[in-house]
Each structure stands twice: as structure tokens, then as C-alpha cells.
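Keep in mind that what you see is a predicted model, and the values were worked out from it rather than measured. Order of the sequence lines fixes the chain letters, A, B, ..., with proteins taken first and strands second; residue numbering starts at 1 for each chain.
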Amino acid sequence: GSGTEKSGGTEGKEGKDEPKNTEPIKIGVLASQTGGLEAYGKQTLRGFELGLEYATGGTNEVAGRKIEFIVEDTETKPEVAVQKATKLLEEDKVDFLVGSSSSGDTLAVLPLAEEYEKIMIVEPAVADSITGSEFNEYIFRTARNSSQDAVAGAAAIAKKGVKIATLAPDYSFGRDGVSAFKEAAEKLGAEIIHEEYADPAATDFTSNIQKIMDQKPDYLFVVWAGANSPWNQIADMKVQEKGIKISTGAPDIAALSTMEPLIGMEGFTVYYHDLPQNDINKWLVDEHKKRFNGELPDLFTPGGMTAAMAIVEALKKTDGDADSKKLIKTMEGMSFDTPKGKMTFREEDHQALQSLYAIKLEKKDGVNYPVPVLIRELSPEETAPPVRN
Amino acid sequence: MTAILETKDLSITFGGHTAVDSVSISVPPNHFKSIIGPNGAGKTTFFNLLSGQLIPTEGQVFFKGNEITRLSPTKRTRAGIGRSFQITNVFPNLTVMENVRLAVQSHEGVRYQMLKHFRSYNQFEKQAEEWLKLVLLDDRKDALARNLAHGEKRKLEIAMLLALNTEVLLLDEPTAGMSLEEVPAILDVIRKIKQRGDRTIVLIEHKMDMIMDLSDTIMVLFNGALLADGTPEEIMKNETVQSAYLGGLHSEHAAKA
Amino acid sequence: MDVLINLSLNGLATGMLIFLLAAGLTLIFGLMDVLNFAHGGLFAWGAYSGVWIYTSTGSFFAGIIGAILTGMVLGIVTERWIIKPVYGNHVQQILITLGLMLVLSEMLKVIWGPNQISAATPDYLSGSWEFGGIIIIKYRMFIIAVGFVVFLAVQYLLKRTKIGLVVRAGVMNKEMVQSLGINIQKVFMFVFMIGAGMAALGGMLLGPYSGVIYADMGMEFAILAFIVVVIGGMGSFTGSVMAAILVGLSGSFMAYYVPDLALAANMLLMAVVLIFRPQGLFGAKG
Amino acid sequence: MSTLLKLDQIQTFIGQYHILQGVSFEVPKGEVTVLLGRNGAGKTTTLRTIMGLNPAAKGSVLFKGEEIKSLPTYTIANKGIGYVPEDQGIFADLTVEENIKVAVKKENDETRQRLEWILDLFPDLKKFWNKPGGLLSGGQKQMLSIARAYVNNNELLLIDEPSKGLAPIVVEKVMESIQQMKEKTTIILVEQNFMMASTIGDSFYIIDDGRTVTNGSMNVLREDEEMRRKYLGIA
Amino acid sequence: MFSNRMNVLYLLAAVFLAVLPFVYDSRSMLILLSQVFIFAVLAMSYDILLGYTGIVSFGHAMFFGIGAYTVGIFMKRFEPETSYFLLAVLVTILLTAVVSYFVGLLTLRLKSHFYAMLTLAFAGLFLVLAEKWRTVTYGNDGFTFRVPDFLKDRTDFYLICLGSMVVVFILLKRFTNSPLGKVLLAIRENEQRTESLGYSVLQYKVIASVVSGVIAGIAGILYAVSLRFVNTSVFTMDITLDALLMTIIGGVGTLVGAIIGAGIIEFSHHWLTALAKVHWIFERWIIFFGIIYILAVMFFPMGIVGSLKKLKFSRKKKEPASVNSDAVSQGKS
Ligand SMILES: Nc1ncnc2c1ncn2[C@@H]1O[C@H](COP(=O)(O)OP(=O)(O)OP(=O)(O)O)[C@@H](O)[C@H]1O
Ligand SMILES: Nc1ncnc2c1ncn2[C@@H]1O[C@H](COP(=O)(O)OP(=O)(O)OP(=O)(O)O)[C@@H](O)[C@H]1O
Ligand SMILES: [Mg+2]
Ligand SMILES: [Mg+2]
């Protein structure tokens, strides 16, 4: 009955007293398994499972404790996310939360992590406010945030004297993205001459594109997410022919296939399977192909894997102790291996600093979508976003 | 004594068609006036102007000396002009009792009471029952209005008007479709109200014997205009009325009566 | 000047596209008075089946025909099993068609997977011409043309045959229409089938417009279609075209001149129209 | 003279209500058969049962010897039965012209002639040819409803209280027209206007409480005051 | 009639729900039930419009959202204290009343679909406002906030939700059974006739829309507090559709129907998603959700309560008294 709320705490203490706790560690994973972000949810889940396996060497055990994880579908609805998160915390008594696919769902769950004093690894939700204004100390994010994207985007194109216009959907994601980009780009000496925001649900973006063309920028930097995209119309309006170069973040493979018109574009990406050159990624690609009949890991698959690896790494360091306070101390500033190389949880806001990739979209034989080809890796330091909490 | 209901040059035009054409009448209190005229003469439209369903293009309507030309139907009903409809117009999914009770409730002025239970107004139900008895419909009081036969709906229509208990009653063909047997009963009701002597009644009907029997005066509408206005005898003598409205058979009939 | 022409042309084309999306609903909702919330499902199915046929056969034309046929078959099934029991009852219509909508859009994911799918224009329709500053996108001209043809065809059907009258009469008084010797159920089924076919056509043509189709596209565009039918005036086919074009143009011009209100463009337009013309642009006075 | 329509012990339910509990009558070809009875007796329901709008649960409805009891309404209508319902059944948003157009089964010379004839009878309809039916006056709606049933060459017409709401002179016209039509068309008439019923009716049936209680030739009823009083409450 | 027996039943149900948290200790069940109560309040408020006045609104989320944002903003901007919470409730009531009054005046003259779409437009404008007024609302991502202590404990909050639902139910029951409520029914049936009986239809509709709007606002407050988070989703069509579906499934014009509908939808949702983990067939559980709607219409055409009521009546009496839900269904909406 009444002790439930503090049970997490007591358990932790017990863990400290007993020399060897063999209770399994439980992780609750929140992801969109239905609804608009279903595809992202699936990527995270696959990655997470593979990550656990990799990090524990296939034993699914750390410091003598088994790791179990329970997946819940948030349906991309905040109220469902809260319901499911509470269930995980209350009934399954999980030690960690991981998730979720949407920023809204994640934001709604943040206070629960604090209330129940459990670590939440945010993956792949991108809103800056998660590690910014809405931050609490139980939150760690393995995903990159909007600002990191923006900094990477800026790094890819911004130089002294370059005139840039931006196009973004008119909601938080787009607005956050552009303001972060602007800051980063201006720091690099570029000039933002026009910001265009479009109704994300619109069928027609030509007016917005027209307006950008009127400004005659050197670059058009596009922040976009969601199925309904402006690529076709950018091509139809002959933006590139007018000498305006396009730049944007490369999305997941399904969305890449709609970017045919942007071949030749320079931009950045969070992940594409052949960009990171390390053993972990190689393992990921191989295992993923093996298990999911030849499919490649996609945009957020390594993120899921990273979340698992961060947890295992932290537990290794505490020797299986899941006490949150202790974990927080351990994880702040912790560096750990991931398919994207080393990441580090920044002490101030628990944001994982990580590599991003400056790329160019190219047509490749035998691949039916434009492929992001590496121009250069942007180091974690280079893409570090400002601290905003 | 001043007129209770009066119109001055009342006209209404629907897209070029003048349905009521400069009609001026004056009905003294407690008077029984009938309106006759061919189909489409403008009788119902005239009623609509009196009861506020329509706003005239020209002219004025007065009730007890006050102009009410632009008043809403709601306000006119509250002021004391009640009407029944030619095409039956009831609340189909409420019971007969509930239909009439709504009229009683309005008459009693209980309009915005939202905190008390409606059952604390038992007297409404009793009154409603009285009215239903009067029109011989009390045995159907729990039936849904939409399940009534046509004639029964007509009776309900009348019961609702009576329950409003207004000073002026506008009756639009109350007995259309009512069975031979029951017309006299309804006639009786109307007659009783007339005899009470405190109600003004305006009646539209095509049943001439009924009109002759009840009316103090009769007005005749013709293509929207007032053709004649006078006592039953005067009207029956009017040749235009004879030929254009009553037709051959009826003149015999009228002569007999 | 160039800007004005570009904005107008693109607004017009978008309007025509919206018209194609809404045309089916004009019949089903405007004329037959069925609050069909599954309409979006019908055109999402049109889009998926059409694009699938196009990519597997390589013939855009086959894709169009395939989409229309898919829509018609779905229309018949829907009418027969879902709509028929609930004619004239809006409350039940809302519930049952929302249920159908869920089934339809989830089935898409079962068959074609949850990922968005890219939808390309055929070569002969892709690209654009440029005259001075005026850019004419080929596919948009194609949409305008198709919209025009569909408009004329349906207008012919409604004006030259009794079908429009019979449907309107049937909605007002089904029993009476039957008493006049008309098999109204068959007529309703036919009209519903045509409406569903047009919805599917609209969906199919939408794909290449933005380059991508996805399972949830249905609900998004269905609301737009409802807006068009209502502000055009229920049951008025001309009204729907005009409303659609108005929506297209206002979207285009507002995005350019008052971008801050662009998000609210459709809702503002609808509010303004309905406050000043409560029966819709071409609706008979109620 | 042959029988065109024959109802035998018809029982009809509406919902769970047993409305018709035994209606039987025969309609001879070329005659006007009148159904009489008080309000709520079941006259309208009888007509609706014939049209298949409230199908009979038991009994039989034979039209030209063929059982039509369980056919759908439109099939029954297409066998040559026209219906003027008591609430007129006007399509309010359709114009007078469109109301008639919906009804017309075949556009040929004959229909055009019939239409002309009926419009001459009711010139008001011609006058308001393009007006929405819902805006007509009560009597005009009645005229339109009758006209709509007349335009087709029906063998049998079911007319429910046509005189309701019509000016006396128009009632006369309707009577005249029915007389004229009798040559081609058989008619079942429900009518409360006894003057009209007795003038144009050939035979009558009285329905009470969902049953046919008595019948006979109209001449008999005209003479038999006792019977009138007993069943119709009039002298 | 049998209202006494019904009252006893309602009382038993309420008592059962009130002691539930003390005997059955599952917090996620509590949360689920709280969610049911909150949506029941919203659905009941919708029933006042749909079931009792006969108007379909597509913009009900507007009021829900106002409640949710008001409490969110108050808690975020000021201190999460009881006094500010009460102030937020007061402001919600005021705001929803004012907004529903003006929107009502502006829209209620319109006929059925036109009305529905105009409310949709207004709700859409509120959605855009919430999106655009980023300094206060943080855009569509939304923001989290703290709540006063007395709302923190889930059991207490559960009881508060239950209490609110019961109070709203009793108030609305009384409201609909009042003489004014009867006039609303009359409007649902035949506006024009109601007018010529001396009732001013517009005023009644506005009253209904204000009552319904304020209660929807309350539901919004509870919803936001339950999540301690608010984002633009509270203004979306989804919320309106939820209210609509719950009301219809339960049976329009019955109030209890709204509660039962909320229960059915939330629980079948809960179970279906649970099943998704058990068997792959249910992975696409939304299909089954859709099928439930379809079957509901086929087997309970008047909603659960409406259809049961009808069954009961037809067994008992020859002549049915008014079965409300069926009334609306006859097409005016
Ligand atoms: N709202 C309206 N719009 C257009 N025309 C109308 C309207 N209402 C009535 N009319 C026309 O006005 C004329 C008069 O109609 P009204 O209903 O007043 O006739 P009436 O005298 O009551 O006839 P009846 O005896 O047949 O009921 C008719 O020709 C009718 O078509
Ligand atoms: N849908 C229905 N549900 C229940 N009862 C009905 C329904 N329709 C008709 N009735 C009942 O059936 C009985 C016969 O109705 P019907 O309309 O046939 O009478 P009628 O003889 O035509 O009367 P009237 O002369 O008033 O038109 C009436 O008591 C009526 O209340
Ligand atoms: Mg009249
Ligand atoms: Mg009858």
C-alpha cells in the first residue's frame, strides 16, 4: 500500500546493504509502436535489443544481475505515455525508463522520472527543452537534440559571408531548429537573410519557396520532419538552377527515397549505416542484416543501441547498483562506446555529446534512394549545443 | 373599443411574387374572425406575418395598439398570440403528454428554471391532461407524437395551442384530415372557447359549414389581397367568392344551409 | 507580376487538387448527406493502390485506373456493409465511419508497411517550364486539366440525368422515392461507388504532388475535404470547385503575404465564409 | 367486372404494434373504392401496406392475381401503382418541375399529355413551376402530390385524403378529374370529406381498429342514415 | 418510473469506486480509472450538446484546451499552490463561459453541418494560437508543470476525479431534468415549434453551450493535472472525437451513457494494447478498435444505454415513452 512511492528508494538501499543483489534490473522502454512515428519506434526498439546484447556480450547480465526490459507503446499520445510510464514504474517497478519517439510524449513523462526518482534515458526525442527548460536531474539523453542538428547543419555550410535562408515547418521543432541554426551559423560568420515557416500540413509550399527565391540566398537550409515534404516542389521551382544550394539533415531511408530531387545536396546526418567506421557499428550492421532479413539499421537504430549501452556501462561502473543518486553521479560526465563512436554525457544538462556527419547526397548504383556520402565527421566538441537549463 | 389585432397595409413579397398584398384589417377583442380564400391566396402567409414567422416587406402589425411588426415569434407568443400550424408541427420523439406540457410550461412562464426537478411542477401535467381530454386525445398521452395517425396529430396541435392559453388564437385549418366523427368534437372545443368570451380567434378553414357556424366576420383573401371582409351573410352573397372560391357544388350546399 | 502569376497558378493547381480530393465527398456528404469520416481512408487506399500499380507496372495511367477501381470496389463494400444501415442517422454515421477509417488506414500498414512510400511523377509529367520569372510546373497543369475533366463529367452526370435529383429526393424522403418506382438503394450504391472512386483518384494524384504517401494522410486531407464541401454549400458541385479553388488561392497568397496567419488560413477562411454566408458559398438559403 | 386488387386478412405490425388485424377488400377494375373510418383506424396503414412501406406480416395482397405482399416498394410501384400519401411527400428542396421529373418513368408523348392535362387542372403548379416544393402553400402541395401520381400511366392509384386543405372549388376539380380518370385508372381513395367520397365513390369499406368492419355500394351508404351514424358518426 | 432503483444502482457504483483504491492496490488501474472519470466529465458535457440539445459540435476541444492550458500556465508561471490552483479553476470557468457564450452567439444560428464546421474552425484557431503564442505555451511541444500538494497523491487525485465526475453527473442530471432541460429536448426535436411556444431558442442553445463549455473546461483542468503536462494536443480534433465517440457508444441523451462510453473506450484500449503483446494478431490492435466501433453501431444502434433502455421498455409496456437517444438519431444533427 502506502510504501509504494518510496519503494524505489528502499530497494536501492537494500541493494547497498547486501553484498550481492541478484534481482534482475528492469528497464521500461517507451516507444511509438503505432501512430505516426511508428517507424521511429521500431528502429529504437531493434537498436535497444541489439545494444543490450552487445553490451553484455550476449549474456544480458551485468554485475551478476539479469537485465529485463519491458516495451510499452505510447501511441504518440502524451496521456497514453503517462499511463504506460506509470504502469512501468508502479507495477513493473523498473529501474530505468528509455524513450520515447515523440518529444511531446517524452516531456509528459519527465516529471514521472523525477517523482519516482528513476533515471530516464531519452531516445530519440529531439526537443531542446527536454535537456533545457524542462530538465530534471534524472534525465539523460543519448539522442542528439535540435541544437546539435542545427550546429551540424551550420558546420556543413556556414562560412563567412555566406547568405542563408531557412525553411522550416511552423511548429516547435522547426522554430527551435532554426533558432539554434541561426545562432550557430552566425557564429561561423554567415548571414541569415530570411526565415520562412510553412504550414506543415500544407499541400503547396511553392509560395514559401517563391519567397525564398526572391531573397536570392546562397544557401537554403531546410529543417524538416514528417511525411509531407517540400522536396518535389523545391525541384519543380528550379531553386537549385537559380544558384541556390539546398542543405538539410538527411532523414531515415524511407524518407530519403523521397529526396531524389535533392541529389547533390550538401548537409548533415545523424546516422547512416556506412558512415561511422568502428567495430560496434560493423557489428550492428551485420547483426541487423542477419536478424531482419537483410534490412539495414536506420536513422534511430544506433540510438536505441546507444541507450542500452549507456545503461549497461553505468551499471558496470556501479557494479550493478541501480540506486538513482549513485547512477546520476556515475553517469554525469561518463563517456561510453556507441555505434557512433564515443559519447559523453555532459555534466550540466546530461546531453550526450556525439559525432554527427557532414554529407552529400549521391546517386548510387543498386540503391533506389539518394545515399548520404561522408564529407567529414563532425566531432562531438564541434556539435556541442549551448547549455540551456 | 380598440382592436386587439390590427394590420396596416401589410405586404410581403417573395422574389417578385406578392403573397400578401397590402392587407389592412382590424380585429376587436373577443371576436371570431375567419379567413377564407383559394389555395395559395396568402392565408398561411398572413398568419406567419401575424405570428412573427415572417417579417413583412411593408406595412405594420399591431397588438393591443403596440406595433409588433418586427417582434420575434417567441416574443409574440409571450405577449399573447398563439398559433397552430397547417402542416402538423409537433415534437416527434416526445410523448403526447410532453408535447402539451411544454406549452403549459411556457404559459406558466417557467422558462429558465434549471435547478428544480421538473416533477416539482406536477400541476403542469394535470393541466396538460385537461387539455388533452378536451381534444379527445388523453388516451394517447404516452404515445410518441410521431406514432400518431394524422388526425391525432392535428388534435395534438390544437391541444398545444390551447395549452398556451393566449389571448389570441390563430388556427390554421385545425380540422384538415380529421375524421367526420371527430370534427364536431373539435368544433365544440372551439365553440366553447368562443363562448367563454375572453379569447380572440382567427381561423383559416376550407370547411364552409364550420365557418358559417362560428364566425363573427369573415375575410376573404384573393391573390394576396383583401377581397372582402364582412359578416358571413355578406360574404356568401359575394359573387366573386361564389365563383372563384366556392364553386358550383358549394353554392348549393350554402344555399341549403 | 511574375510573383502574382506564380502564386495564382500554383494556388489554382492546389485548389484543383483539393477539389479532386473533395469531389467524392461532395457526392457522399454534400448530396447523400452521409457524414463519411472514412473518406480519408478511401483516398489513402486510392493513393497506395495507385502508386503500387504505377511502380510495379511502370504505367501511370494504369495506376490511375487501378486506383479508381480500388476506390469503387471499396465504395461498394463500404456502402453495402457499413453505410446502408445508417442512412439518415448522423450520430451512427460518425461512429461507424470512424471505425471504418481506423480499419482502412491500419490495413494499409499491414499490407504496405508503416513507412512512408515515395510517389514519383512519370517522366513526361515531371519538371517545369520557365518563361521569364513564371514557372509552370507540368504536373500542376496536369492536375488542373484532370480537375476540369472530372468537374465536367460529374456535372454532366448530375445535370443530364435524373441521378442528382433522385439522390436529393431520396435523402429528403426515401419512402416517397421508392413509392415512385425508384430503387433508391441501387442509386445510392452507385453514387457512393462513384464518390469513392473519385476519392481514390484524388488520393492517387496527391501522391506525386508532394512526392510521398503515408497511411495517415487520410484523416489530414479528409478534414480539408469537409471544409471544401461545407463552405461550397452542401450538395453544390459548382460550390465545391469554387471553394476548393478559394482554399488553394488563399493558402497560396496567405503563405506569401501574411505568413504569420498561414497556419490558420483554412480555418480563418471557413470562419469568415460561414459567418457571412451561413449556408455556404453556393448553398440555397436555409 | 374483374378484380384488380384483393386484400385478404391483412395483418400488419409497425414495430411491436399490431396495427392492422384483419383488413380484407376487393377493388374492382375501373371503380373508385373508398376507405372510411375514424382517425387512427388504420386507413393510411392499409395503403402503406399495399405499397410495401409497412409490409404485411400475414394475409395476402393480390394485384392482378399476383402476390405482391413481400415485394420491395419500388417493384410494387413499377407494377403500375401510384401513391398520394397523406403527408403529400413533397421533396421540399426540389422545384415543382423537379418533383415531377423525379416521378416521370418514361418521357413520351403520353406522359406529356397527361402532364398538360393535370397542369390545366391545377394552373397554380404551372405558375410556380420553378419554385421549391417546400415553399408552396398547403393546398398547392396537395395539388403537386396528386399531379406527381397522375403523370405516370398507373393502373391503380392510392390516394390518401386528397381534399384535405383544398379550397372547395379545387375539391370539385379534383373530383372531376377523378371521375375522368376512372376510365383508365382504378382508384382507392381514403377520404374524410363525405360529400366528395359519396359523390365519386362506387363502393366503400369501413375500417375500424385495424379491421374492415363493413362494406357495400356507395349508394347504400348514401341512403342508409343508420349505418352512417353507426360507423361514421354523421347523419 | 424506475428512477429510484437506478439511483440506488448509481450510488452503489459510486461507493464501490470510492473504496476501490483502498482494497485493490494497482496504481496504474487508478490512473486508468482517473482517466475514465476525466473523459466521462468531458463526454457528459458533450452529451448536453449532442444528446439534449441536438447539436453536433466539432470544436469541443476548444474548452477542454482552455482548461488544460489555464491550469498549466498558472502552475508554471506562479507557484504550484492551492490558492493559485483555485484561481486557475476560477479563470477557466470564466474564460470558458465567456468564450462559449460568444462562440455560441456567433455560431448557433447556423444549421447543423455548418455549425459543426464553424466550431471546428474556432477550435482550429485556438490550436493555432496555442502553437503561435510560444512565449506562454512553448508551442506544440508543450511544457510540464508542478501541481499543488493535495493533487500529488494519485489516490487522492483519483478520488478528486471520481468526486468531480459524480458532482458533474448529479448537476447535469438535475439540469437536464429541470424545466429548462425539457425545453432543450424540445429544441432538439423541433426548433421552430419551440420558438412559437414562446421559448427563445438561441438563448437556450447558448445556455446549453455555456454549461457544456464550462464543464469541458473542468475536464481539461483535470486532464492537465493528471499529466502535469500540457501541449497543443488538447486542442486537436482527436479530443473532440473522443468525446463524441464516448457519448455515442454509451448512448446519447442519457448522461450515464457518456460515463459508460468513456469506460468502454478507455478499457478496450487498455486491453487491446495489452493483447498486442500477447499475440501478434493484435499488433495492429487499432483495427480491432475500429471493428469495435462498427460492431457497436450494428448491435447497439442507440448506444449501450439507449439500446438497453429500449429493450427494457419494449418488454415492459406496449407503448414506449420517449427514448431519447433514438430521437437524435432521426437525423437532425
Ligand atoms: N417562404 C416562401 N417563399 C416563397 N413563396 C412563398 C413562401 N411562403 C408562401 N409562399 C407563396 O405564397 C403564396 C401564398 O401561400 P400561403 O401558404 O399563404 O397560401 P394559403 O392561402 O395558406 O393556401 P392554402 O389554402 O393552400 O394553405 C403561395 O403561392 C406560396 O407558394
Ligand atoms: N409508426 C407507428 N408506430 C406506432 N403506431 C403507429 C405508427 N404509425 C401509425 N400508428 C398507429 O396506427 C394506428 C393507425 O394509423 P393510421 O395512420 O393508419 O390511421 P388512419 O386511419 O390513417 O388515421 P387518420 O384518419 O388520422 O389519418 C393509429 O392508432 C396510429 O397511432
Ligand atoms: Mg395555408
Ligand atoms: Mg391517415
Item checked: Residue C:Ala262 versus chain A: region with a heavy atom under 4.5 Å -> backbone
Next item on the list: Could you check which of C:Lys109, C:Arg140, C:Glu106, C:Met254 has the highest count of heavy-atom pairs closer than 4.5 Å to chain A?
Entry: C:Arg140
Note to self: Among A:Phe221, A:Tyr219, A:Phe268, exactly one meets ring-ring contact (aromatic ring centres under 6.0 Å, His included) together with A:Phe181. Which residue is that?
What the structure shows: A:Phe221
Next item on the list: Heavy-atom pairs under 4.5 Å with chain C are the metric here; pick the option from A:Glu38, A:Met259, A:Glu241 that has the most.
Entry: A:Glu38
Item checked: Part of C:Ile136 lying under 4.5 Å from any heavy atom of chain A -> neither
Notebook entry, point to check: What part of A:Met213 gets closer than 4.5 Å to chain C, counting heavy atoms only: side chain, backbone, both or neither?
Noted result: side chain
Check: Of the backbone (N, CA, C, O) and the side chain (C-beta and beyond), which part of A:Ala255 lies under 4.5 Å from a heavy atom of chain C, both, or neither?
Finding: both
Note to self: If we ignore hydrogens and angles and just use 3.5 Å, is the side chain of C:Asn6 paired with the main-chain N or O of C:Gly133 as donor and acceptor?
What the structure shows: yes
Check: If you tally heavy-atom pairs under 4.5 Å against chain C, which of A:Ile253, A:Asp252, A:Asn208, A:Asp199 wins?
Finding: A:Asp199
Notebook entry, point to check: Nearest heavy-atom pair of C:Gly203 and C:Ala47: which atoms, and what distance?
Noted result: O-CB, 3.4 Å
Check: Is the gap between the ring centers of C:Trp45 and C:Trp52 under 6.0 Å?
Finding: no
Notebook entry, point to check: Does any heavy atom of chain C fall under 4.5 Å from the side chain of A:Glu260, the backbone, both, or neither of them?
Noted result: neither
Notebook entry, point to check: With respect to chain C, which residue among A:Asp204, A:Thr258, A:Thr203 yields the maximal number of heavy-atom pairs within a distance under 4.5 Å?
Noted result: A:Asp204
Checklist line | Distance-only donor-acceptor check, side chains A:Glu195 and A:Tyr197, under 3.5 Å | finding: yes
Note to self: Closer than 3.5 angstrom, by distance alone: can the side chain of A:Ser207 be matched with the main-chain N or O of C:Ser252 as a donor-acceptor pair?
What the structure shows: yes
Margin query: Report, in residue-number order, which members of residues 164-174 of chain A are under 4.5 Å from chain C by heavy-atom distance.
Written below: A:Asp170
Note to self: Per the ring pair (Phe, Tyr, Trp, His ring centres under 6.0 Å) rule, what does the pair list look like for residues 5-24 of chain C, sequence neighbours excluded?
What the structure shows: C:Phe19-C:Phe237
Checklist line | Non-neighbouring partners of C:Phe221 that pass ring-ring contact (aromatic ring centres under 6.0 Å, His included), sequence neighbours left out | finding: none
Margin query: salt bridge (charged side-chain N to carboxylate O under 4.0 Å, His left out) for A:Glu75 and A:Lys77? Distances and angles first, verdict last.
Written below: CA-CA 5 Å; A:Glu75 301 166 36; A:Lys77 290 181 189 150; 3.6 Å; yes
Item checked: Interface residues of residues 204-219 of chain C facing chain A - non-hydrogen atoms under 4.5 Å apart -> C:Leu206, C:Pro208, C:Tyr209, C:Ser210, C:Gly211, C:Val212, C:Tyr214, C:Asp216
Notebook entry, point to check: Can you find a pair of side-chain heavy atoms, one from A:Pro261 and one from A:Ile234, that are under 4.5 Å apart?
Noted result: no
Notebook entry, point to check: Distance only, no hydrogens: is a donor on one side chain within 3.5 Å (strictly under) of an acceptor on the other, for C:Thr70 and C:Ser49?
Noted result: yes
Note to self: Quick check on the 6.0 Å ring-centre criterion: do C:Phe253 and C:Tyr256 meet it?
What the structure shows: no
Next item on the list: Could you look at A:Gln233 and say if it's the side chain, the backbone, both or neither that has a heavy atom under 4.5 Å from chain C?
Entry: side chain
Item checked: Contact summary for A:Glu295 and A:His288, nearest pair of heavy atoms -> O-ND1, 2.9 Å
Check: At a heavy-atom separation under 4.5 Å, does C:Leu263 approach chain A through its side chain, its backbone, both, or neither?
Finding: both
Check: Is there a donor-acceptor contact under 3.5 Å linking the side chains of A:Ser100 and A:Thr106?
Finding: yes
Next item on the list: Establish, from distance only, whether the side-chain atoms of A:Asp73 and A:Thr34 form a donor-acceptor pair under 3.5 Å.
Entry: yes
